[in-house]
Amino acid sequence: MLIVHHTPSPNCQAMFEAVVSGATAPEIEDVRVVRRAALSATASDVLAADGFLLGTPANLGYMSGALKHFFDQVYYPCLDATRGRPFGFYVHGGNDVTGAVRGIESITTGLGWRRTAEPVTVTGEPGKADIEACWELGATVAAGLTD
Ligand SMILES: Cc1cc2nc3c(=O)[nH]c(=O)nc-3n(C[C@H](O)[C@H](O)[C@H](O)COP(=O)(O)O)c2cc1C
């Protein structure tokens, strides 16, 4: 499973770490988790993965430029080849993550990816329930790869 994330702050880092922790839980066997910062992830990373987890802050009403750059790079090289692969995502924001969520839903619909968990969205400092939701997100998408 490939985790592609843009993590510019401690609040985003807390969500990222919880997602990684869920995805790498010992009870999920035979899933290798690869993490890539969004600005360094490549089409080869995407083609080699069976599923994806995406994480971003909401910036200026959209996903971060870094995650958008990732999609710009991989969209056509991965179109068709990755159709139907499972994914999930999380967004951290200050007050309104709607545009970021809509943007990710739209691009992943174009790619034909299949969302296998509800998105986790958090504004402000993540609380205990938010961190647990991130853990569940990572665990759910990873566990789906073992079916
Ligand atoms: C240039 C800029 C634009 C931003 N735009 C949004 C936005 O449209 N919606 C939102 O919810 N948060 C927005 N934010 C807040 C970021 O999402 C937030 O800073 C980021 O998730 C990191 O969280 P933290 O600052 O609480 O650690 C923006 C932040 C910056 C720096």
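Numbering of residues begins at 1 and proceeds along the displayed sequence. Whatever order the structure lists them in is the order used to number ligands and atoms, beginning at 1.
Under the ring pair (Phe, Tyr, Trp, His ring centres under 6.0 Å) criterion, Phe71 pairs with no residue, sequence neighbours left out.
Atom CZ of Arg83 has more than 12 neighbouring heavy atoms from other residues, nucleotides or ligands inside a 6.0 Å radius. For CZ of Arg35, the number of neighbouring non-hydrogen atoms (other residues, nucleotides, ligands) closer than 6.0 Å is 12 at most.
Some N or O of Asn95 is nearer than 3.5 Å to an N or O of ligand 1, by distance alone. Taking any N or O of Gly124, backbone or side chain, none lies under 3.5 Å from an N or O belonging to ligand 1.
For atom 26 (O) of ligand 1, the closest non-hydrogen atom of the protein is Asn11 ND2, 2.8 Å. For atom 27 (O) of ligand 1, the nearest non-hydrogen atom of the protein is Ser9 OG, 2.5 Å. In this structure, the protein non-hydrogen atom closest to atom 1 (C) of ligand 1 is Leu60 CD2, 4.1 Å. Residue, atom and distance of the protein heavy atom nearest to atom 30 (C) of ligand 1 are Asn59 OD1, 3.9 Å. Nearest protein heavy-atom contact of atom 6 (C) of ligand 1 is Ala58 O, 3.1 Å. Looking only at heavy atoms of the protein, atom 9 (N) of ligand 1 is closest to Asp96 O, 3.0 Å.
For the pair Trp135/Val19, no side-chain contact is recorded, criterion being any heavy-atom separation below 4.5 Å from C-beta on.
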Inset, instruction - Might you work through the side-chain contact (heavy atoms from CB on, under 4.5 Å) test for Ile28 and Thr24, ending with a clear yes or no? - result: CA-CA 7 Å; Ile28 302 171; Thr24 57; over 6 Å; no
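Applying the ring pair (Phe, Tyr, Trp, His ring centres under 6.0 Å) test to residues at least two apart or on different chains, the pairs with a partner in residues 21-57 are Phe52-Trp113.
Among Cys12, Gly94, Gly99, the residue whose heavy atom lies nearest to atom 10 (C) of ligand 1 is Gly94.
Using 4.0 Å as the threshold, Gly61 has a heavy atom nearer than that to some atom of ligand 1.
In this structure, atom 21 (O) of ligand 1 is in close contact with the protein, since a protein heavy atom lies within 4.0 Å of it.
A donor-acceptor pair under 3.5 Å is formed between the side chain of Arg85 and the backbone N or O of Leu47.
Between the side chains of Thr98 and Asp96, a donor-acceptor pair is found at a separation under 3.5 Å.
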